[in-house]
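On a predicted model such as this, the values are computed, not experimentally measured, just so you know.
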Protein chains: 2
Amino acid sequence: MTNSTAPDQDGPGFALPLLLFAGFRTLIDRLHAELAVQGHPELRPSHGFALQAIGTAGTTASEMGRRLGVSKQAAGKTADRLEALGYVERVDDTQDARRKLVRLTAHGVDALVRSARIFDELRAEWAAALGPQQLRDMEAGLRRMTPGNFFRLDAPGWFSS
Amino acid sequence: MTNSTAPDQDGPGFALPLLLFAGFRTLIDRLHAELAVQGHPELRPSHGFALQAIGTAGTTASEMGRRLGVSKQAAGKTADRLEALGYVERVDDTQDARRKLVRLTAHGVDALVRSARIFDELRAEWAAALGPQQLRDMEAGLRRMTPGNFFRLDAPGWFSS
DNA sequence: ACCTTTTCGACAACCACGTTGACTATGTTA
DNA sequence: TAACATAGTCAACGTGGTTGTCGAAAAGGT
């Protein structure tokens, strides 16, 4: 009989997280290689999460921090960098003088639109290579094994290429 | 008329990398929650990769950097932090006066052994929840879609528990 | 209306983790 | 021996995160 925690025909347990991370990195690297070609060479992986957190409606730095699971100060610094790169702009909130809305520029919206399309294309590649049903099974399995709904990125440096 | 890149029954393409990352994060978070209980509360995820790159045989900071894909300076700083935490020690190489061997302490080896066992247990949980074959399919699919040696595990001795 | 509490944005100090470039000491090789 | 390659270190810096503090502005209770 095989070992209950690591049967002979299966790899060691540590391969699973490595494979998941490698899959993630592969997709993210390909996304940014494409984005670089399509007019967004300066956009880094962490910026994508931040732009997604801001959304087309815009938001404040504090709310951004809540969505990303980081402090409002960290979110504010990220907004500073995105502002310097031309992806967002800050406007005063006329309703609430404390707030400063962080809003996507046309460049920022363009990055979001292109990212969505590139991700769809990459997923289609995977579906073609693995078969649509196996890919759906993979996604369903991951959904089952992970707490739903996070695009938190308190993993600095893990995807910094 | 379904979109060719994102059929209606499938989620949007951007869900795939998020799910892969969520799976990775879930496993890593659970690993470190367990490690914290088992005497390694200070160990951070990046430290695990570094310890693995050092291996039971020990290595130099430069070689560490090559294995991890970072500069020798960055690897040296990581070794500094691991040394301060008691996971590694530095010894002079009697064969080559330029080199300083970074070697795991007993504490470092303990962390590696426990990590391997915890990963095996986590994989067994996934196998029980998803079925062994679907998990194997997931791993095989990921292996197919990712470049082979993403992280080199040249020192496989540490998972033989 | 007034006072208290909460929230927002900003500033400062700091840490983790990475980068280049420059430099010394030591091996290696033509 | 001279030239070159490599190991380690120091310095300066960039990015992305943390806590703590603060003043200004909004919100709420009396």
field: Positive for side-chain contact (heavy atoms from CB on, under 4.5 Å) with A:Glu89, one of A:Thr105, A:Val102, A:Leu82
entry: A:Thr105

message: Check the phosphate of D:dG16 against A:Ser46, side-chain N and O only, distance under 4.0 Å to OP1 or OP2. Yes or no?
response: yes

message: Any side-chain to backbone donor/acceptor pair from B:Arg144 onto A:Leu130? Under 3.5 Å, distance only.
response: no

message: Nearest whole Å is fine: how far is D:dA25 P from A:Asp92 CG?
response: 12 Å

- prompt: Does A:Arg114 CZ have over 12 foreign heavy atoms under 6.0 Å away?
  reply: yes

- prompt: Nearest-Å distance, CG (B:Asp80) to C1' (C:dG18)?
  reply: 14 Å

- prompt: Transitive ILVMFWY cluster of B:Leu101 at side-chain heavy atoms under 4.5 Å: who else is in it?
  reply: B:Val91

statement: Rounded to whole Å, the CZ-P distance (A:Arg44 to C:dC17) equals 17 Å

statement: Students should find that the hydrophobic cluster of B:Val37, defined by side-chain heavy atoms under 4.5 Å apart, otherwise consists of none

task: Quick one, give me the B/S/- string for nucleotides 2-9 of chain C, reading 5' to 3', where B means a protein heavy atom under 4.0 Å from the base and S means that only happens at the primed atoms, P, OP1 or OP2.
output: -----BBB

- request: Please report, rounded to the nearest Å, how far the P atom of D:dT18 is from the NZ atom of A:Lys77.
  value: 9 Å

message: Side-chain N or O of A:Arg81 versus OP1/OP2 of D:dT15: is the shortest distance under 4.0 Å?
response: no

message: Would you say the rings of A:His32 and A:His40 are close, in the sense that their centroids are separated by under 6.0 Å?
response: no

- prompt: Hey, does A:Ala97 reach any base, or is it just sugar-phosphate, or nothing, if we go heavy atoms under 4.0 Å?
  reply: sugar-phosphate

query: Think A:Thr78 has a side-chain N or O under 4.0 angstrom from the OP1 or OP2 of D:dT15?
result: no

field: Rounded distance in Å - CG (A:Leu82) to P (D:dG14)
entry: 18 Å

query: Does a side-chain N or O from A:His47 land closer than 4.0 Å to OP1 or OP2 of D:dG16, or not?
result: yes

message: Between B:Glu63 and B:Arg66, is the salt bridge (Lys or Arg N to Asp or Glu O under 4.0 Å) condition met? List the steps.
response: CA-CA 5 Å; B:Glu63 177 57 28; B:Arg66 272 177 232 119; 2.5 Å; yes

message: Rounded to whole Å, how long is the line connecting atom CD of B:Glu83 with atom C1' of D:dT9?
response: 14 Å

- request: Starting at atom CG of A:Leu85, determine the distance to atom C1' of D:dT15, rounded to an integer number of angstrom.
  value: 12 Å

- line: Separation of D:dA7 atom P from B:Arg67 atom CZ, nearest Å, is 12 Å

message: Counting only side-chain nitrogens and oxygens, does A:Ser71 get under 4.0 Å of the OP1 or OP2 atom of D:dG17?
response: no

